[in-house]
Amino acid sequence: MTIELTVTGMSCGGCAASLQKALLAQPSVRTATVDFASRQAVIESELSKAELIALIEARGFQVE
């Protein structure tokens, strides 16, 4: 399932790259693209939307 989320709290492209790397490190995440400029994360995963939000928030970002 592909889920699109709006992520806030990123201050630079490095934040987006760090979050993308963290998401891709999860075994149940097939693909993840995090774009700093648009604040969008597009994730293909077996995880639920709530589980993905929890992963993102655990990294110190917020999901709108």
Side-chain angles (χ1 to χ4, degrees):
M1 148 177 49
T2 301
I3 296 175
E4 293 185 36
L5 301 170
T6 301
V7 180
T8 60
M10 297 186 290
S11 59
C12 64
C15 292
S18 173
L19 177 56
Q20 181 172 306
K21 184 177 179 180
L23 289 166
L24 289 170
Q26 300 299 314
S28 52
V29 173
R30 286 191 223 53
T31 64
T33 304
V34 181
D35 183 70
F36 169 66
S38 67
R39 303 182 324 168
Q40 293 298 303
V42 180
I43 307 155
E44 185 179 337
S45 175
E46 298 169 10
L47 296 175
S48 70
K49 184 175 182 176
E51 290 170 314
L52 290 170
I53 290 171
L55 278 173
I56 292 168
E57 291 182 342
R59 302 288 300 174
F61 305 105
Q62 298 80 42
V63 177
E64 291 183 354

*Atom CZ of F36 and atom SG of C12: how far apart are they, to the nearest 0.5 Å?*
6.5 Å
*Backbone of A54 reached by a side-chain donor or acceptor of E57 within 3.5 Å*: no
_Heavy-atom pair with the smallest gap, counting every atom of A16 and D35_ = CB-C, 4.5 Å
*Work out which heavy atom in E4 is nearest to a heavy atom in V42; give both atom names and the distance.*
CG-CG2, 3.9 Å
*If you round to the nearest 0.5 Å, how far is CD1 of I56 from CG of L5?*
5.0 Å
*asked:* Rounded to the nearest 0.5 Å, what separates atom CD1 in I43 from atom OG1 in T33?
replied: 9.0 Å
*asked:* What I'd like to find out is whether the side chain of K49 reaches to under 4.5 Å of the side chain of I53, using heavy atoms alone.
replied: yes
*Separation of E51 CD from S28 OG (nearest 0.5 Å)*: 7.5 Å
*Rounded to the nearest 0.5 Å, what's the gap from CE on M10 to CD on Q62? Could you check?*
10.0 Å
_Nearest heavy-atom neighbours spanning I3 and L47_ = CD1-O, 4.1 Å
*What do you reckon, is CZ of R30 surrounded by more than 12 foreign heavy atoms closer than 6.0 Å?*
yes
*asked:* So which atom in L24 and which in A32 form the shortest heavy-atom distance, rounded to 0.1 Å?
replied: CD2-N, 3.5 Å
*asked:* Just verifying a value: how many Å separate T8 OG1 and F61 CZ, rounded to the nearest 0.5 Å?
replied: 9.5 Å
*asked:* Looking only at side-chain N and O atoms, does Q26 offer a donor or acceptor that is under 3.5 Å from a partner on S45?
replied: no
_So does M1 get a backbone contact from the side chain of E44, meaning a donor-acceptor N/O pair under 3.5 Å?_
no
